[in-house]
Amino acid sequence: MPADPAVVADLSELVRLEDPDFYSDDPFPLYARLRRESPVHYYEPLDLWLLTRYEDIREVGRTPLIFSSSDGILLNDFRYGNVVASFFPPNAENFALDGPPRHAELRKAIRTPFSPVNVAKLNEQVRSVVVEILDAIVPGEDTDWLTDVAMAVPSVMIATLLGMPPEDRPLLDGWANEIIKMGAAVGKEELAEVAAGLGGMYAYFADQLADRRRNPGTDLLTALAQAEDAGALNNETVHMMVAGVLSAGNETTRNLVAGLAVAFSEHPEQYARLVTDPTLARNATDELLRWITPVRGFGRTVTEDTEIGGQAMRRGQRVYMLYGAANRDETVFADPETFDIGRDFREAMHLSFGFGEHSCIGSSLARLETATVLEEMARRFRSIELAGTPRRHAQLLANAYESLDVTVRV
Ligand code: HEM
């Protein structure tokens with residue numbers, strides 16, 4: 001049983017960032033207490049400042065030279081050192097960790113396929129993928145929503161983006177599931193083993209890149225092969241980018257599509273609203289992003305003595321941005337503990353895609369995939385309910401499930 005945050009006086013006893021149960025056992029009362037009593041909270045085990053307020057997190061995003069990604073962004077980076085970097089080839093320039101100005105130059109190399117205009121061109125493709133997946137569901141029977149829907153949709157789309165043959169999708173899924181372990185609640189040795197096991201993936205993509213040089217297409221692998229040939233990126237950086245997109249684009253959207261089944265099962269009146277008015281799908285996607293917060297948080301290292309929210313911090317200390325807490329900040333969102341698919345985001349957008357320099361490059365794609373799932377669900381299913389209790393993944397980074405079954409009705 002988690003300690004009751006209203007009863008236990010000392011916040012330091014309650015904040016357990018390295019324990020996956022800290023995030024799964026309804027952390028929101030505690031997040032509210034942190035925002036109220038200790039919004040820039042010192043977390044002694046990692047010499048880290050935990051940020052829970054919307055504006056404080058935006059301030060970090062705005063100042064990447066002071067709040068740097070270069071020493072890692074995961075809790076596991078801060079626990080063990082260099083975990084993200086160890087998952088990618090040694091000479092790779094990792095744009096998720098680079099700061100200005102190099103970060104923007106590297107990001108440019110993969111920006112085009114992710115632009116809202118180019119993602120909009122995928123509209124029909126996304127729809128046909130989603131239609132096929134949802135058409136296979138048998139109403140009234142238990143459905144493995146996690147595998148059959150939440151994993152399948154982003155996986156098919158990432159494979160398409162990379163220009164991979166459909167039969168190779170299980171391979172891609174397997175590697176994406178390995179890479180995401182960098183954010184799991186596991187020990188240093190296990191992380192090193194996972195990183196060492198990625199050789200097969202890099203060999204596979206070397207073949208694929210060679211193939212795109214012989215047969216160029218319009219996919220991301222072709223664009224990366226051409227960027228390497230033009231001297232803009234070295235070979236290791238190309239591999240880093242492929243592996244980064246493969247992992248960042250899969251698991252995150254998976255957790256959103258999984259989480260939406262839970263959210264709507266728990267709030268059938270909101271699902272009924274979507275069925276009545278499927279044009280709410282786009283807005284509902286952002287409310288689901290706010291509500292679920294598929295990526296729990298990222299960190300930064302302080303490069304010079306500074307302050308946030310009036311709290312002084314020293315060079316070398318860390319900050320950790322708890323997006324799920326900022327997404328319920330009552331000074332920004334009206335009635336933040338209410339799930340409302342009609343919520344008005346014109347004044348303030350949630351922070352589930354991060355903010356500033358490193359904000360998510362795949363946000364348009366993730367939004368398109370999820371909104372399409374919602375539209376097609378609304379068209380087919382009158383209701384959705386959980387079949388059994390979902391099981392959570394022992395993750396620190398991702399708000400992820402290990403199993404999640406539902407029953408839909410028409
Ligand atoms: C619901 C889905 C998604 C969520 C919640 C999400 C969340 C995030 C967040 C919070 C960041 C900020 C990282 C930071 O500040 O250090 C980020 C960055 C990133 N995301 Fe996503 N993401 C999603 C989908 C995707 C997709 C579909 C792709 C690619 C296909 C993608 C690729 C990336 C990449 C490459 C970065 C690094 C950007 C940079 O450092 O400049 N993400 N994402």
Side-chain angles (χ1 to χ4, degrees), residues 51 57-58 60-64 67-75 77 84 88 93-115 118-119 122 126 150 153-162 172 176 179-180 183 219-220 224 237 240-260 285-286 288-301 319-324 326-327 349-371 373 397-400:
L51 308 182
I57 290 179
R58 294 213 311 172
V60 168
R62 262 183 224 116
T63 40
F67 297 100
S68 165
S69 301
S70 65
D71 205 31
I73 54 177
L74 306 181
L75 282 174
D77 283 315
V84 172
F88 299 113
E93 289 188 278
N94 189 331
F95 75 112
L97 304 183
D98 256 312
R102 186 62 180 148
H103 167 261
E105 289 164 18
L106 290 169
R107 187 164 157 137
K108 206 169 146 199
I110 61 163
R111 196 178 53 190
T112 311
F114 293 107
S115 72
N118 282 323
V119 167
L122 295 174
V126 174
V153 173
S155 153
V156 175
M157 287 319 300
I158 293 294
T160 306
L161 207 68
L162 293 171
L172 302 186
I179 298 175
I180 196 66
D219 56 86
L220 184 59
L224 286 170
T237 302
M240 181 271 135
M241 289 190 167
V242 175
V245 166
L246 182 66
S247 49
N250 240 323
E251 161 95 5
T252 48
T253 315
R254 173 197 305 176
N255 298 333
L256 181 59
V257 177
L260 71 83
T285 297
D286 278 307
L288 285 158
L289 277 156
R290 185 189 77 86
W291 188 250
I292 295 163
T293 312
V295 174
R296 290 178 175 141
F298 280 121
R300 301 288 189 256
T301 302
V319 292
Y320 193 69
M321 302 174 278
L322 205 49
Y323 300 127
N327 282 340
M349 186 41 76
H350 58 76
L351 297 183
S352 290
F353 289 126
F355 184 78
E357 174 92 1
H358 288 278
S359 70
C360 181
I361 202 168
S363 59
S364 298
L365 179 59
R367 281 191 169 109
L368 174 64
E369 290 174 38
T370 311
V373 168
L397 171 66
N399 187 4

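Because only heavy atoms are used, hydrogens play no part in the values below, and waters and symmetry mates are left out as well, while side chains stay in. Ligands are counted one by one from 1 in listed order, and the atoms in each one are counted from 1 as well.
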For the residue pair Phe88 and Met240, what are the closest heavy atoms and their distance?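 Closest heavy-atom pair between Phe88 and Met240: CG-CG, 3.7 Å.
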
Pro154 to Arg254 - nearest heavy-atom pair and separation: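 In terms of heavy atoms, the two residues are closest at CG-N, 3.8 Å.
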
Would you call Ile110 and Leu220 a side-chain contact if the rule is heavy atoms closer than 4.5 Å?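 Side-chain contact under 4.5 Å: yes.
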
Between Leu351 and Arg58, is there a side-chain heavy-atom distance shorter than 4.5 Å?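 Arg58 vs Leu351: side chains touch.
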
Distance to 0.1 Å, residue and atom name: give those for the protein heavy atom nearest to [atom].
atom                    : answer
atom 14 (C) of ligand 1 : Arg300 NH2, 3.3 Å
atom 30 (C) of ligand 1 : Phe114 CE2, 3.3 Å
atom 12 (C) of ligand 1 : His358 O, 3.4 Å

Please report whether ligand 1 has a polar contact with Glu369, defined as an N or O pair separated by less than 3.5 Å (distance criterion only).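 Between Glu369 and ligand 1, no N or O pair is found under 3.5 Å apart.
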
Is there any N or O on Ser352 that sits under 3.5 Å from an N or O of ligand 1?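 Ser352 vs ligand 1: no N/O contact under 3.5 Å.
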
Whether Asp286 and Arg367 form a salt bridge (side-chain N of Lys/Arg under 4.0 Å from carboxylate O of Asp/Glu) is what I want to check.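 Between Asp286 and Arg367 there is a salt bridge, with a charged N closer than 4.0 Å to a carboxylate O.
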
Distance to the ring centre below 6.0 angstrom and angle to the axis at most 45 degrees; does that hold for Arg107 and Phe95?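 Ring-cation test returns no.
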
Within the structure, is a non-hydrogen atom of Ser69 found at a distance of less than 4.0 Å from ligand 1?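 False for this residue.
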
Looking at ligand 1, would Met321 count as a contact under a 4.0 Å heavy-atom criterion?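 Met321 does not count as a contact of ligand 1 under the 4.0 Å cut-off.
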
May I ask you to list the protein N, O or S atoms found at less than 2.8 Å from atom 21 (Fe) of ligand 1?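 Atoms qualifying: Cys360 SG.
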
Side-chain donor-acceptor pair under 3.5 Å between Thr293 and Asn399, yes or no?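 Absent: no donor and acceptor within the cut-off.
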
Within reach of ligand 1, part of Ile158 (heavy-atom separation under 4.0 Å):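 For Ile158, only side-chain atoms sit under 4.0 Å from ligand 1.
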
Just let me know how Tyr323 lines up against ligand 1, side chain, backbone, both or neither, with a heavy-atom cut-off below 4.0 Å.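 It is the side chain that gets close, since no backbone atom is under 4.0 Å.
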
